[in-house]
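Structure incoming, see below.
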Number of protein chains: 2
Amino acid sequence: MDYQGKKKATIYDLSVLSGCSPSTVSAVLNGTWRKRRIKESTAELIQKLAEQHRYTANLQARGLRNSRSGLVGLLLPVHDSRYFSSMAQTFEAEVRSHGKCPVVVSACRDPREERTTVETLISYSIDELFVAGATDPDGIHALCEAAGIRHINIDLPGTKAPSVISDNYKGARMLTEAIIHRLGGTGILKPDEIYLFGGRNDHASHERIRGFRDIKTEMFGADPDKCIQPTGYSPDMSQKAFETFYAREKRLPRGLFINSSINFEGLLRFLAQHPHEAFADIVVGCYDYDPFGSFLPFPVLMIRQDVERMLAKAFEIMEEARPAIEIHLIPPELVHPRTALTGPLDLIKEIDAFSR
Amino acid sequence: MDYQGKKKATIYDLSVLSGCSPSTVSAVLNGTWRKRRIKESTAELIQKLAEQHRYTANLQARGLRNSRSGLVGLLLPVHDSRYFSSMAQTFEAEVRSHGKCPVVVSACRDPREERTTVETLISYSIDELFVAGATDPDGIHALCEAAGIRHINIDLPGTKAPSVISDNYKGARMLTEAIIHRLGGTGILKPDEIYLFGGRNDHASHERIRGFRDIKTEMFGADPDKCIQPTGYSPDMSQKAFETFYAREKRLPRGLFINSSINFEGLLRFLAQHPHEAFADIVVGCYDYDPFGSFLPFPVLMIRQDVERMLAKAFEIMEEARPAIEIHLIPPELVHPRTALTGPLDLIKEIDAFSR
DNA sequence: ATTGATTGCACCATCGATTGTGCAAAGGCG
DNA sequence: CGCCTTTGCACAATCGATGGTGCAATCAAT
């Protein structure tokens, strides 16, 4: 009905219009009016006016006053991977269902960027922070601690805040074992035919490498050091590692344990440069699930980390009064080749289907 | 040096510590102190204190006062697709380089969710809003307009704000033509052997369908209506469409134009249920690029929408004083099968490589 | 009619930063 | 020394919402 040319309506505008005081208007509009013994008819009047004038609260003002903002943050290393983007998707839905506002930001696996980003979030008085895959969880902990902000680590653990991570050791064992079986078992396979590529100096990589090596040692009695090729989390570095191996050996290892889908993209880049023979008989295990990756023309075993359960657990811990500083391991799932799993997008209902 | 137990330092704390007034402290810390003729030595003193006490400005207070927050929003339909997650990735980098704080949120292609999400963002006084793939861009425009917030549409155009979208018509023509060529051309192919799946009642789908039909009509002289199967943007609905077709025809169409990578996931689900013969000879064109999708065991032609250029153009328009309400078309790129393109992740430098 | 309880709401300080305005002290000039 | 300019900073209002406190009006009971 009434249009506001430019300015948004405030409780003061509604105060004048309704003849009530700003505090009454405030109480009515934030739901505390019964506690303040405001007459029902007064409340109705103000609510009607608020609707007419399209009042919405200024959340910065509210946040300033309350020193809480209603924002819940998720800090990611990167957006552009199905693992993290599905985490963002699930996170948003969960936060929304709690009536809060999700804020997803990424910090490029750069400890400095992580800190400044978190400082910014803190300056906006976010209520809670979910820290996923941070390179320096304990540094972030210090910032949150000083600001009194509840936080939790996901995917990569810290030592000073509760952490929820996938069971990388067990997952790596499952994956390595599955690769070996797929290649025919230890009878016809030698330990130096299976390599691990990707990952860096973080907890997840260490655990995965440990699982990889343990299985190989158990099954083969040996695991040559050269089979571990940590290249960081970059497609480019991974590609270079494959190229180097190929230049030397004129082929790829028969079994490849790839640390993440991001490293897997490095393999794609390699594949694009080489004839089909170069990878006719390989078996790939990737520690991440990507639906398209599962259908490549060679067997791809994947580990799907259970993002839903990890986040559910994390939210559960967030609600605890005094959560213990411990690491919660969520078992991941081995996904066999050519498998299309459902994901968070399936929870979205399709509205307004096609009609012309 | 000094630890704050719980509370963050404010300009008032520093005011007491320095013996200066809060306004002086404020001026020093926000950089306007020269304009206010503050002595250099005073400024240095205050800056030193600020550092010691780890002062960071309360951005909600600043935002309240300035009615601007330093936040720049990106509204996405969903996170969990490489198209939108790469958009988020690129967006963040760009916003950061402008010294602002990126906020990425998704609204599930639900017009109501879109509106409430935008209202929330407005309530936080975001400075600018990039609206990507919104179902109701003009509704969002109305909200932004009323709040005086600069905004721009990306991916799906509106009629009331400037828009930057990919040239869906041309892209669809390129893709359709490439599919037909790949299948041997019009000589040995019939028009009802090429189907379009996916998409819904939005501008992008309409344009892509138009491009698809125009090319088919030009090349075959005909395009049966049945070849258009808009299933919405849901893997599940897409899968059902493939199943239905397969149940009837005992095979898939030889050429499939798939409206987005999300619909493509529906095809994966179908593939997982059926023997290899069901799709031995198909050629798929997907209007989206996904690196893993490009390497599937059948030829996959993909359209890579130029997210970088779209965003660059959008930021450029945002800086214009009085941008024209027009639609800017950014040409997309046809990606041949087995192609691994670089993406925004390649811009991230790897810090702290592996070391044990 | 007086007392006491209840109802219904207004007043005002507060959150932290910003900024227009004012004013004392210092310096320059004749 | 008197007057004017410049320097350097303090004061106080403001942004919008919140919530503790206080007070007048109404009502019930004696």
Side-chain angles (χ1 to χ4, degrees), chain A residues 4 6-46 50 53-70 119-120 122-125 127 147-148, chain B residues 4 6-46 50 53-70 119-120 122-125 127 147-148:
Chain A
Q4 315 304 121
K6 278 290 138 197
K7 312 293 179 191
K8 296 187 53 175
T10 71
I11 55 169
Y12 297 96
D13 301 329
L14 298 182
S15 153
V16 172
L17 289 165
S18 66
C20 301
S21 77
S23 59
T24 300
V25 176
S26 170
V28 168
L29 296 174
N30 69 25
T32 61
W33 56 280
R34 289 183 190 285
K35 196 162 51 192
R36 288 185 145 263
R37 299 183 319 220
I38 308 291
K39 228 194 311 183
E40 184 117 16
S41 63
T42 310
E44 282 167 6
L45 167 65
I46 292 176
H53 294 265
R54 310 197 172 293
Y55 169 85
T56 57
N58 180 322
L59 297 179
Q60 298 211 76
R62 174 179 292 170
L64 173 60
R65 177 60 222 240
N66 292 340
S67 55
R68 325 180 322 103
S69 63
E119 279 177 345
T120 305
I122 290 176
S123 298
Y124 283 112
S125 307
D127 298 344
Chain B
Q4 316 304 122
K6 277 289 137 195
K7 312 291 180 191
K8 297 188 53 177
T10 70
I11 54 169
Y12 297 97
D13 301 330
L14 298 181
S15 152
V16 172
L17 288 165
S18 66
C20 300
S21 76
S23 58
T24 300
V25 175
S26 170
V28 168
L29 295 174
N30 69 26
T32 60
W33 56 281
R34 289 184 191 284
K35 196 164 50 193
R36 285 182 148 271
R37 298 185 318 221
I38 309 289
K39 228 194 311 181
E40 186 118 15
S41 62
T42 311
E44 282 167 5
L45 167 67
I46 292 176
H53 292 265
R54 313 197 172 292
Y55 170 85
T56 55
N58 181 321
L59 297 179
Q60 298 210 80
R62 174 179 293 170
L64 174 58
R65 178 59 223 241
N66 292 339
S67 54
R68 326 180 321 102
S69 63
E119 280 175 347
T120 304
I122 290 176
S123 297
Y124 284 112
S125 308
D127 299 343

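Just so we're on the same page: letters track the sequence lines, and every chain starts at 1.
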*Please list, by residue number, the residues of residues 33-44 of chain A whose heavy atoms come closer than 4.0 Å to an atom of DNA chain C; answer none if no residue qualifies.*
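The stretch gives A/Arg36, A/Arg37, A/Ile38, A/Lys39, A/Thr42 as the residues lying under 4.0 Å from the strand, ordered by number.
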*Residue list, side chain to side chain donor-acceptor pair (under 3.5 Å) with B/Thr120, at least two apart or on another chain*: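 B/Thr120: no side chain to side chain donor-acceptor pair (under 3.5 Å) contacts found.
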*Quick one: CD on A/Gln60 to CG on B/Asn66, what's the gap to the nearest 0.5 Å?*
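Answer for the CD-CG pair, A/Gln60 versus B/Asn66, is 9.0 Å.
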*Atom pair CZ (B/Arg62) and CZ (B/Arg68), whose distance is rounded to the nearest 0.5 Å*: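 Answer for the CZ-CZ pair, B/Arg62 versus B/Arg68, is 10.0 Å.
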*In whole angstrom, what separates B/Tyr124's OH from D/dG16's P?*
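Those two atoms, OH and P, are 17 Å apart.
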*Between D/dA17 (C1') and B/Arg65 (CZ): distance, integer Å*: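 That distance rounds to 16 Å.
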_I'd like to check the side-chain contact (heavy atoms from CB on, under 4.5 Å) partners of A/Ser67; sequence neighbours left out, ordered by chain and number._
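For A/Ser67, no residue satisfies side-chain contact (heavy atoms from CB on, under 4.5 Å) once neighbours in sequence are set aside.
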*Would A/Asn58 and A/Thr10 count as a side-chain contact (heavy atoms from CB on, under 4.5 Å) if you check the C-alpha gap in whole Å, the side-chain angles of each, and the deciding distance to 0.1 Å?*
CA-CA 8 Å; A/Asn58 180 322; A/Thr10 71; over 6 Å; no
*D/dG16 P sits how many Å from B/Arg68 CZ, rounded?*
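Between P of D/dG16 and CZ of B/Arg68: 15 Å.
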*Give the rounded distance in Å between these two atoms: CG of A/Asp13 and P of D/dG16.*
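The distance from CG of A/Asp13 to P of D/dG16 comes to 8 Å, rounded to the nearest Å.
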*Over how many whole Å does the gap from B/Leu64 atom CG to D/dA13 atom P extend?*
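Interatomic distance, CG of B/Leu64 to P of D/dA13: 17 Å.
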*Classify the nucleic acid contact of B/Ser67 as base, sugar-phosphate or nothing, counting any heavy atom under 4.0 Å across all strands shown.*
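It contacts nothing in the nucleic acid.
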*Which sits closer to the 5' end of DNA chain D, A/Tyr55 or B/Thr24, going by the nucleotide each is nearest to?*
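Comparing both residues, the 5'-ward one is B/Thr24.
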*Side-chain donor or acceptor of B/Ser21 under 3.5 Å from a matching atom on the base of D/dC9?*
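In this structure, the two groups form no donor-acceptor pair.
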*Can you name the closest pair of heavy atoms from A/Val25 and A/Ser18 and give their distance?*
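Looks like CG2-OG, 4.1 Å.
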*Rounded to the nearest 0.5 Å, what's the gap from OG1 on B/Thr56 to NZ on B/Lys8? Could you check?*
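Reported value, rounded in 0.5 Å steps: 2.5 Å.
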*If you walk 5' to 3' along DNA chain C, what is the first nucleotide with an atom under 4.0 Å of a heavy atom in chain A, and what is the last?*
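Span of nucleotides near chain A: C/dT7 to C/dG16.
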_Nearest-Å distance for atom pair CZ/C1', residues B/Arg62 and D/dT14_ =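 Value for this atom pair: 16 Å.
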*asked:* To check you understand the geometry: which heavy-atom pair defines the closest contact between A/Ala9 and A/His53, and what is its length?
replied: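 Nearest heavy atoms, A/Ala9 then A/His53: CB-O, 3.9 Å.
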*Just how large is the angle between the end axes of the helix from C/dA1-D/dT30 to C/dG30-D/dC1, five pairs per end, to 10 degrees?*
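Computed from the C1' atoms at both ends, the axes differ by 60°.
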*Sequence-distant partners of A/Ile38, side-chain contact (heavy atoms from CB on, under 4.5 Å), two or more places apart*: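 Listed in chain order: A/Thr24, A/Val28, A/Trp33, A/Arg36, A/Thr42.
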*asked:* Between A/Ser15 and A/Cys20 (side chain of the first, backbone of the second, donor and acceptor by atom type, cut-off under 3.5 Å), is there such a pair?
replied: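 A pair under 3.5 Å: yes.
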*Roughly how far, to the nearest 0.5 Å, is the OH atom of B/Tyr55 from the CD1 atom of B/Ile46?*
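Here the interatomic distance stands at 11.0 Å.
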_In whole Å, I'd like the distance from the CG atom of B/Leu14 to the P atom of D/dC9._
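In whole Å, D/dC9 P lies 16 Å from B/Leu14 CG.
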